[in-house]
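Encoded as structure tokens, the structure appears first; notes follow it.
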Amino acid sequence: MEKYDVIVVGGGHAGIEAAFASAKMNCSVLLVSLDLDAIGKLSCNPAVGGVAKGALVREVDALGGLIGKITDSCAVGYRTLNKSKGKAVWATRAQVDMFAYPQLARTYLDDNKNIDILQAKAEKIISKGRKVLGIKTNLGQDIFAKTVIIAAGTFLKSKIHIGLNSFSGGRISENSSDELFDSIKALGFKTKHFKTGTCARLDKRTIDFKKMRRQVPDTDVCPFSFINKKINKNRVSCFITYTNKKTHKIIKDNLKLSPLYTGLIKSRGVRYCPSLEDKIVKFPDKEKHQIFVEPEGLNSYEVYPNGISTSLPLEVQREFIHSIAGLEKAKMVRPGYGIEHGLIDSRQLFASLESERYSGLFFAGQVNGTTGYEEAAGQGLVAGINAALKVKGKRPFVLNRNQAYLGVLIDDLVKKGTDEPYRMFTSRCEFRLSLRESNADLRLGKTGYQLGLLSKKEYQLIERKQKKIDKIKDKLKSKKAKKINKQKNLFDLLKEPKVSFDKIKKEIDEKKVSFDIGAEIEIAAKYKGFLKREKAWLKELKNLDKIKIARIDYFQIPSLSKEVREKLNKFKPKTLGQAFRISGITPAAVLTVYNFIKKRKKKTFK
């Protein structure tokens with residue numbers, strides 16, 4: 001009889017991180033995948049990171065996960081986003097070779113002696129009473145384990161839509177796992193479906209890039225993994241083009257063939273990454289929409305035209321693609337499509353991602369209602385850690401909202417749930433200046449080491465970095481800025497907007513300081529006041545249920561987004577605490593309402 005400590009169902013980003021984390025914590029692990037060649041596959045765009053998502057990647061890396069290391073190894077270009085703003089909110093995004101990525105992921109799994117990999121379909125969760133015992137596969141096997149992690153991505157009772165044609169599938173030409181979804185429902189879990197989609201892939205040899213704007217990768221970027229000191233030398237440009245009036249007319253004329261607008265697709269889609277037909281219908285005044293043409297690899301002829309996700313018929317896809325500048329003769333090599341996939345209500349989970357209903361059963365990734373590689377990887381890591389701790393009889397590992405973006409992500413999921421695919425944004429995080437991309441290793445490295453996911457040598461890199469930062473800070477505080485301002489020490493001088501660390505480092509004989517260390521020192525000085533305010537806001541959060549909301553027309557508050565206004569008007573919370581617990585209501589929105597209430601009170605008492 002086969003028996004493992006941990007069974008992981010699914011080989012996507014959540015499954016990879018879950019299996020690797022449990023194995024590094026000395027558990028025997030079986031990863032079950034429908035297709036071994038699809039492990040680590042990038043289903044959508046060939047990029048990792050971005051605003052808020054980059055912070056998730058670095059947090060996973062600081063805790064000993066894989067997504068950052070794999071990305072650095074197969075990156076073909078990096079960009080720093082938000083560069084017009086202060087360093088504290090800079091974000092990293094990397095274009096990756098989407099064919100090399102799964103190969104590297106598979107290598108990490110194959111090289112770990114604690115991991116077995118099986119190509120099979122998990123059809124049933126075996127349980128007794130309120131305890132999980134293992135899984136049953138389509139090969140007639142009963143495989144037993146102390147814990148089971150469901151990380152099935154978009155493969156649970158999934159349906160693909162291309163025009164008015166619909167068929168079962170978790171990805172184009174890949175099977176759906178209907179039986180596993182039925183098993184989850186039979187265990188009493190609340191389930192539903194969400195909609196996502198992807199765009200057509202094009203042959204770059206048939207594209208006229210001269211008609212597009214080139215975007216060259218940045219060179220002064222820090223790698224995602226703290227163990228890497230330099231970025232990958234491979235550099236491939238992206239290109240930008242736009243839809244136009246002709247494109248929009250083609251789509252409007254063919255809405256009768258769209259499953260979105262004929263009722264075939266009934267599930268909620270991703271609000272912040274809509275299909276092209278959704279953009280054109282919902283924003284009729286917009287004359288053009290940006291298309292970001294991304295290379296899929298160093299040696300691939302495929303490109304990903306990010307921004308034209310669609311579920312229209314193939315012939316309509318070709319027609320509207322050919323109406324776009326530079327794509328007039330572009331050949332489609334893979335079609336775009338919409339997909340409806342099953343998931344659970346994530347409010348049925350503890351913050352450890354273990355089920356409240358069945359001991360030893362964990363869920364991670366899109367099965368919990370999220371969208372994105374980074375969100376999935378983070379959940380997979382946390383589920384893998386907690387499955388291993390469960391096996392060892394130890395207390396679960398839980399990150400709080402003030403510790404990590406991962407803490408915000410999971411807290412939102414298990415407390416609020418989500419009524420649409422959940423994507424991480426900085427606005428969801430009330431401590432976003434404290435929880436920066438740049439300090440993820442300093443915040444979480446010790447925890448990764450204590451869990452056994454970082455080696456002593458790896459953790460010493462982080463300790464040395466922190467000591468270097470502290471040493472330089474002390475030097476700056478102890479030396480007066482004689483040449484510039486005799487009244488201030490150098491650290492206080494660094495608070496001024498036009499003064500950078502590079503300008504003053506010679507004053508303390510620190511000529512060779514890495515970019516990441518210099519940035520952290522500069523942030524500590526320039527954001528000192530803002531960081532204090534975040535600590536104060538942490539205390540205020542405990543009192544939100546005491547702050548009452550009395551008859552507010554939320555459309556009177558101009559800084560609230562349309563989504564927030566809609567939800568607050570729908571649920572009509574009686575306190576700020578209730579408002580904060582509504583799915584999709586960000587901390588920034590709660591703070592805005594709080595300030596509105598305070599201003600209204602002042603006017604009343606005048």
Side-chain angles (χ1 to χ4, degrees), residues 1-40 105-106 108-153 155-157 170 174-189 342 344 349 352-355 357-367 379-381 383-393:
M1 181 176 70
E2 291 182 277
K3 187 158 187 178
Y4 292 86
D5 291 325
V6 182
I7 292 174
V8 178
V9 177
H13 297 275
I16 290 165
E17 299 289 355
F20 190 72
S22 293
K24 279 196 85 174
M25 293 173 73
N26 295 316
C27 289
S28 58
V29 178
L30 174 68
L31 186 146
V32 180
S33 174
L34 287 166
D35 182 359
L36 299 193
D37 295 328
I39 288 174
R106 180 67 188 273
Y108 274 103
L109 299 178
D110 285 340
D111 287 349
N112 192 304
K113 65 181 190 306
N114 291 331
I115 299 175
D116 288 342
I117 300 175
L118 174 69
Q119 181 166 299
K121 182 191 282 191
E123 293 190 333
K124 185 179 179 182
I125 296 167
I126 303 171
S127 62
K128 185 176 182 181
R130 292 294 181 183
K131 183 173 175 58
V132 72
L133 298 178
I135 62 167
K136 186 182 288 288
T137 76
N138 64 326
L139 305 177
Q141 304 160 288
D142 287 351
I143 308 174
F144 296 95
K146 296 172 185 175
T147 59
V148 172
I149 301 171
I150 304 298
F155 286 78
L156 292 178
K157 205 150 200 173
E174 295 183 42
N175 291 329
S176 168
S177 190
D178 296 0
E179 301 86 354
L180 181 58
F181 187 67
D182 291 339
S183 175
I184 290 168
K185 283 185 76 172
L187 289 174
F189 287 94
I344 66 161
L349 305 176
S352 62
L353 297 182
E354 184 180 16
S355 156
R357 301 180 65 87
Y358 291 88
S359 175
L361 180 60
F362 296 79
F363 292 83
Q366 282 185 271
V367 68
Q379 291 173 75
L381 176 81
I385 290 169
N386 280 308
L389 292 172
K390 182 87 175 179
V391 168
K392 297 171 188 290

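No hydrogens, no waters, no symmetry mates; every other heavy atom, side chains included, goes into these values.
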Main-chain N/O of [Y] paired to [X] side chain as donor or acceptor, under 3.5 Å:
X: D5; Y: S28; value: yes
X: E123; Y: K136; value: no
X: K121; Y: E179; value: no

Check: [Y] and [X] side chains under 4.5 Å, non-hydrogen atoms:
X: M25; Y: L389; value: yes
X: I125; Y: L180; value: yes
X: I39; Y: I117; value: yes
X: Q119; Y: D35; value: yes

Query raised in the report: Where do Q141 and L118 land on the side chain to side chain contact (heavy atoms under 4.5 Å, CB included) test, with the steps shown first?
Result: CA-CA 11 Å; Q141 304 160 288; L118 174 69; 3.7 Å; yes

For a quick test of reading the model, state the closest non-hydrogen atom pair linking [X] to [Y] and the distance between them.
X: L139; Y: A120; result: CD1-CB, 3.7 Å
X: N386; Y: S352; result: ND2-O, 3.2 Å
X: K146; Y: V132; result: O-CG1, 4.2 Å
X: I149; Y: A387; result: CD1-CB, 3.8 Å
X: Y358; Y: G129; result: CE2-O, 3.4 Å
X: I150; Y: V148; result: CD1-CG1, 3.9 Å

Query raised in the report: Should K185 and K157 be marked as a side chain to side chain contact (heavy atoms under 4.5 Å, CB included) after you check the CA-CA gap, both sets of side-chain angles, and the distance that decides it?
Result: CA-CA 11 Å; K185 283 185 76 172; K157 205 150 200 173; over 6 Å; no

Nearest-0.5 Å distance, [atom1] of residue [X] to [atom2] of residue [Y]:
X: I143; Y: I7; atom1: CD1; atom2: CD1; answer: 5.5 Å
X: N26; Y: K392; atom1: CG; atom2: NZ; answer: 5.0 Å
X: S127; Y: I135; atom1: OG; atom2: CD1; answer: 13.0 Å
X: S177; Y: L156; atom1: OG; atom2: CG; answer: 6.0 Å
X: R106; Y: L36; atom1: CZ; atom2: CG; answer: 5.0 Å
X: L361; Y: L349; atom1: CG; atom2: CG; answer: 8.5 Å

**Report entry** Parallel, tilted or perpendicular, as decided by the 30° and 60° cut-offs, for the rings of F20 and Y108
**Finding:**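 Ring orientation of Y108 relative to F20: perpendicular.
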
